[in-house]
Engineer: 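First, the structure itself, so that you have it in front of you.
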Number of protein chains: 2
Amino acid sequence: MSAETTRPAGDLSPSARRILHAAARLFALQGYSATSTRDIAAAVGVRQPALYKHFPSKDAILSALVDAAVGPALAAARDLESRPGRAAAHLYRWLGDYLARLEDSPYLLVSILVTPELGQDRFAAERRALDRLEQVTTDLVARGQAEGDLRPLDPRSGARMVLALFDALALPETAVAAREIADFALHGLLADPARLDDLRREAAAPLPPG
Amino acid sequence: MSAETTRPAGDLSPSARRILHAAARLFALQGYSATSTRDIAAAVGVRQPALYKHFPSKDAILSALVDAAVGPALAAARDLESRPGRAAAHLYRWLGDYLARLEDSPYLLVSILVTPELGQDRFAAERRALDRLEQVTTDLVARGQAEGDLRPLDPRSGARMVLALFDALALPETAVAAREIADFALHGLLADPARLDDLRREAAAPLPPG
DNA sequence: GTCTATATCGGGATAGAC
DNA sequence: GTCTATCCCGATATAGAC
């Protein structure tokens, strides 16, 4: 349940998945606190107490969503760290893959990333997961700068702005395409945008073994 | 109270301003619904019912915050429309001014822009205000493309991504600087970043009369 | 314009039958 | 594993004294 476990979504029962799907959609549309467990249950087609056979609390639902959103992204980023290649290309590949995954995901996880309720003390574990996401992004930006591909700016600021762009993915009906976001992010960071085609090629190539 | 009025913040009593300040901070930290009117009152140093002498409801507080956040930005953008000059330079100037204003503002309005509760029906008027903000941004992007300064991408997507960056302004302690955001946005949009210095000069010059 | 006291409602969670 | 019924609490808002 905690963000430490980064349990893959595959471990969840079909019922639990349906609950997460419905909850994520409602959280995105109207916010976490404004969504009642009755709302979630109605969207799933069951009565409110039925949820508690799958999750011990409403908070646990949000926690599971954070895990499902952040876990795969962290795993992918760490995998990339061990591979050869330019950090800027890794960043581009990582953004494209992760954003496309979110786009396809039924969970609409993006808006979870900006759920302000996570600022409360009881979600400290989830906040740590988000902090790790920011940290791996910061590392990629810093490496890209050291390698000369990315323009000089505070790498933490760069990471924050890249992650802030995720919110543009938003809801399906109005979404900005994943590739548009990845392109915008790289344009925002690159020292010389002429190198983007080059990076795109490297990022599209099969991943060399670490 | 409605977003239509775009009433300047100057119309508010000092007490009302203190309430808005405290409320904005708490909404940003833990979310709108998760913040109780008791929380707000405690932050202001009064008891909960005292708030109702200044605002008729909790929703009205959020509504006033949206007005204060969006009103000046729309006014500034419309003013720019009537002036000569390149749209890309206008966009840069507008972003810099508006973001700096938010940075200085005691209201921490940024996170208001992503408050998911605004998705609920009863905030339709506030959503329209945010839609207008997106529309003026879209228009600026489209004009910048027509003038050849901005690279081709869906102007609506471009506007969404620019506005999504606002969230990086976040809270004071961890904020990304306003200028960093404006620079990142322009880099993300520009056809040729070499033109940025030029645009910066035009944006820094005194505004020519319309 | 702030207070105390309180009405009223809705939400999270549990008990226990099926 | 879902249901009905219910507990309990916290939240918004109002009443009325000062």
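Just so we're clear, the structure is a prediction, and the values are computed from it rather than from any experiment. Chain identifiers are assigned alphabetically (A, B, ...) following the order of the sequence lines, protein sequences preceding nucleic acid strands; residue numbering begins at 1 within each chain. Below, each value reflects all heavy atoms present in this structure, side chains not excepted, and no hydrogens, waters or symmetry copies.
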Engineer: Is it true that B:Asp79 and B:Arg83 have a side-chain N and a carboxylate O under 4.0 angstrom from each other?
Structural biologist: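 A salt bridge is present here (some side-chain N lies under 4.0 Å from a carboxylate O).
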
Engineer: From the options D:dT2, D:dT4, C:dC3, select the nucleotide whose nearest atom is closest to the side chain of B:Arg47.
Structural biologist: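 Comparing D:dT2, D:dT4, C:dC3 against the side chain of B:Arg47, the answer is C:dC3.
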
Engineer: Send over the distance from B:Phe55 CZ to D:dT12 P, rounded to a whole Å.
Structural biologist: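 Computing the B:Phe55:CZ to D:dT12:P distance gives 15 Å.
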
Engineer: Could you give the NZ-to-P distance, from A:Lys58 to C:dG10, as a whole number of Å?
Structural biologist: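 My rounded result for the distance is 16 Å.
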
Engineer: Rounded to whole Å, how long is the line connecting atom CD1 of A:Ile40 with atom C1' of C:dG10?
Structural biologist: 15 Å

Engineer: Between D:dT2, C:dC3, C:dT2, which one does the side chain of B:Pro49 approach most closely?
Structural biologist: C:dC3

Engineer: When only distance counts, do a donor and an acceptor, one from the side chain of A:Arg38 and one from the base of C:dG10, lie under 3.5 Å apart?
Structural biologist: no

Engineer: Does B:Asp167 come within less than 4.0 Å of A:Arg160, counting only side-chain N to carboxylate O?
Structural biologist: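 A salt bridge is absent here (no side-chain N lies under 4.0 Å from a carboxylate O).
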
Engineer: For B:Asp59 and D:dA11, give me the distance from atom CG to atom P, rounded to whole Å.
Structural biologist: 16 Å

Engineer: Between A:Thr37 and A:Lys53, name the one whose nearest nucleotide on DNA chain C is closer to the 5' end.
Structural biologist: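 This one resolves to A:Thr37.
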
Engineer: Would B:Asp59 and B:Tyr32 count as having a side-chain donor-acceptor pair, cut-off 3.5 Å?
Structural biologist: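 Yes, because at least one side-chain N or O of B:Asp59 sits under 3.5 Å from a partner of the opposite role on B:Tyr32.
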
Engineer: So, B:Asp139 and B:Gln135: side-chain donor and acceptor under 3.5 Å apart, yes or no?
Structural biologist: yes

Engineer: Contact class for B:Ser33 vs. all strands (heavy atom < 4.0 Å): base, sugar-phosphate, or nothing?
Structural biologist: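 No contact.
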
Engineer: Please report the distance, rounded to the nearest Å, between CD in A:Gln30 and C1' in C:dG10.
Structural biologist: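 Result: 14 Å.
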
Engineer: B:Tyr52 OH to C:dT4 C1': how many Å, rounded?
Structural biologist: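 In whole Å, C:dT4 C1' and B:Tyr52 OH are 16 Å from each other.
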
Engineer: Please report the distance, rounded to the nearest Å, between OH in B:Tyr32 and P in D:dA11.
Structural biologist: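 Going from OH in B:Tyr32 over to P in D:dA11 covers 14 Å.
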
Engineer: Would you kindly check whether a donor in the side chain of B:Gln48 faces an acceptor in the base of D:dA13, or vice versa, at under 3.5 angstrom?
Structural biologist: yes

Engineer: Does A:Lys58 qualify as a cation-pi partner of A:Tyr52, given the criterion of NZ or CZ under 6.0 Å from the six-membered ring centre and within 45 degrees of its axis?
Structural biologist: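 Not satisfied by the 6.0 Å and 45° rule.
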
Engineer: Report the distance from atom CG of B:Leu62 to atom P of D:dT12, rounded to the nearest whole Å.
Structural biologist: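 My rounded result for the distance is 13 Å.
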
